[in-house]
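Just so you know, these numbers come straight off a predicted model, no measurement behind them.
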Amino acid sequence: MTADVDSLTPTQDLILEVLSARARTGEILWTFRADLRRQLEGLETAGLIQVMHGVMPKTLRAQLTEAGKSAYLSDEYTPPNDLDRKTRALEAIAEYAEARDFVIGMESVASTARRALGNPEQPGV
């Protein structure tokens with residue numbers, strides 16, 4: 001199904017941009033106020049999103065459908081792997097702390113980061 005994204009209202013376009021931004025970070029759902037129900041239902045009718053009840057009163061949750069993803073996300077885009085980001089962050093913390101082991105407390109920071117990575121040994125020790 002090819003939706004005509006040029007005929008969307010500015011609010012509908014913004015909703016799709018929000019859901020696309022969430023998808024780019026690896027999240028699939030976003031909560032909207034229930035007063036946007038008509039806009040959300042219009043997007044759902046167009047096949048771009050799926051709408052469900054929100055967790056909080058007077059809210060609705062929505063996610064992009066495959067048609068919504070193809071209309072608003074690039075084919076080459078893949079969401080970041082959260083585990084890879086955490087691993088890179090822990091490695092950077094360990095390297096930063098190891099380079100500053102002369103500062104009180106940095107050795108324990110490096111050690112904690114290495115343990116979190118599953119590598120309790122410091123490089124070069």
Side-chain angles (χ1 to χ4, degrees):
M1 170 182 202
T2 304
D4 183 14
V5 294
D6 293 330
S7 66
L8 299 176
T9 68
T11 302
Q12 288 174 323
D13 183 58
L14 185 57
I15 289 168
L16 287 168
E17 289 293 342
V18 166
L19 292 173
S20 298
R22 297 299 292 177
R24 288 184 196 101
T25 64
E27 301 289 333
I28 60 169
L29 296 171
W30 189 249
T31 301
F32 295 94
R33 297 182 330 256
D35 63 346
L36 294 171
R37 179 181 304 274
R38 271 194 13 221
Q39 301 291 330
L40 292 164
E41 287 174 348
L43 292 169
E44 188 171 41
T45 300
L48 296 169
I49 67 171
Q50 177 184 5
V51 179
M52 60 208 78
H53 293 288
V55 176
M56 299 299 293
K58 299 182 182 179
T59 64
L60 297 165
R61 291 181 299 160
Q63 67 183 33
L64 291 173
T65 61
E66 289 305 316
K69 289 176 188 175
S70 68
Y72 269 74
L73 296 176
S74 147
D75 289 338
E76 295 86 40
Y77 183 80
T78 56
N81 180 333
D82 197 40
L83 185 57
D84 286 345
R85 289 189 316 173
K86 289 178 183 173
T87 299
R88 286 192 309 268
L90 285 168
E91 287 169 348
I93 290 167
E95 289 170 11
Y96 179 88
E98 287 162 354
R100 289 156 183 79
D101 64 350
F102 57 88
V103 176
I104 295 172
M106 283 296 183
E107 186 176 329
S108 66
V109 170
S111 175
T112 301
R114 291 285 173 207
R115 280 195 314 273
L117 286 166
N119 178 13
E121 298 299 318
Q122 292 181 356
V125 176

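- Distance alone, capped at 3.5 Å, places no donor-acceptor pair between the Q39 side chain and the L36 backbone.
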### Message
The test is side-chain contact (heavy atoms from CB on, under 4.5 Å); show your working for L43 and L8 and say whether it passes.
### Response
CA-CA 8 Å; L43 292 169; L8 299 176; 3.7 Å; yes

Using distance only, find each side-chain donor-acceptor pair of residues 14-23 under 3.5 Å and give its atom names and separation, not counting sequence neighbours.
from	atom 1	to	atom 2	distance (Å)
S20	OG	L16	O	2.7

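- A113 and L90 make their closest contact through CB-O, 3.7 Å (heavy atoms, listed as atom of the first residue, atom of the second, distance).
- Taking CD of Q63 as the reference point, atom NZ of K69 lies at 7.5 Å (rounded to 0.5 Å).
- Within the 4.5 Å cutoff, the side chain of L29 has heavy atoms near those of the M52 side chain.
- One finds the CG atom of L117 at 12.5 Å from the NZ atom of K86 (value rounded to the nearest 0.5 Å).
- With hydrogens and angles ignored, the 3.5 Å screen pairs no side-chain donor or acceptor of T31 with any backbone N or O of R61.
- R38 is linked by a side chain to side chain donor-acceptor pair (under 3.5 Å) to nothing, counting only residues two or more places apart in sequence or in another chain.
- Hydrophobic cluster membership is shared by Y96 and V103, with clusters built from Ile, Leu, Val, Met, Phe, Trp and Tyr side chains linked at under 4.5 angstrom.
- R33 CZ to L40 CG: the interatomic distance, rounded to the nearest 0.5 Å, is 10.0 Å.
- Of all heavy-atom pairs spanning E98 and R114, the tightest one is OE2-NE, 2.9 Å.
- With hydrogens and angles disregarded, a donor-acceptor distance shorter than 3.5 Å links the side chain of T45 to the backbone of E41.
- In the hydrophobic cluster analysis, where Ile, Leu, Val, Met, Phe, Trp and Tyr join through side-chain heavy atoms closer than 4.5 angstrom, I104 is grouped apart from F102.
- Smallest separation of non-hydrogen atoms from A94 and A110: O-CB, 3.9 Å.
- The minimum heavy-atom distance linking T59 with V55 is given by the pair OG1-N, 3.8 Å.
- Among residues two or more places apart in sequence or in another chain, the side chain to side chain donor-acceptor pair (under 3.5 Å) test is passed with E91 by none.
- Interatomic distance, CD of Q12 versus OG of S7, reported as 8.0 Å (0.5 Å rounding).
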### Message
I'd like to know whether D13 forms a side-chain contact (heavy atoms from CB on, under 4.5 Å) with Y72, so could you lay out the CA-CA distance, the side-chain angles of the two residues, the decisive distance to 0.1 Å, and finally the verdict.
### Response
CA-CA 10 Å; D13 183 58; Y72 269 74; 2.3 Å; yes

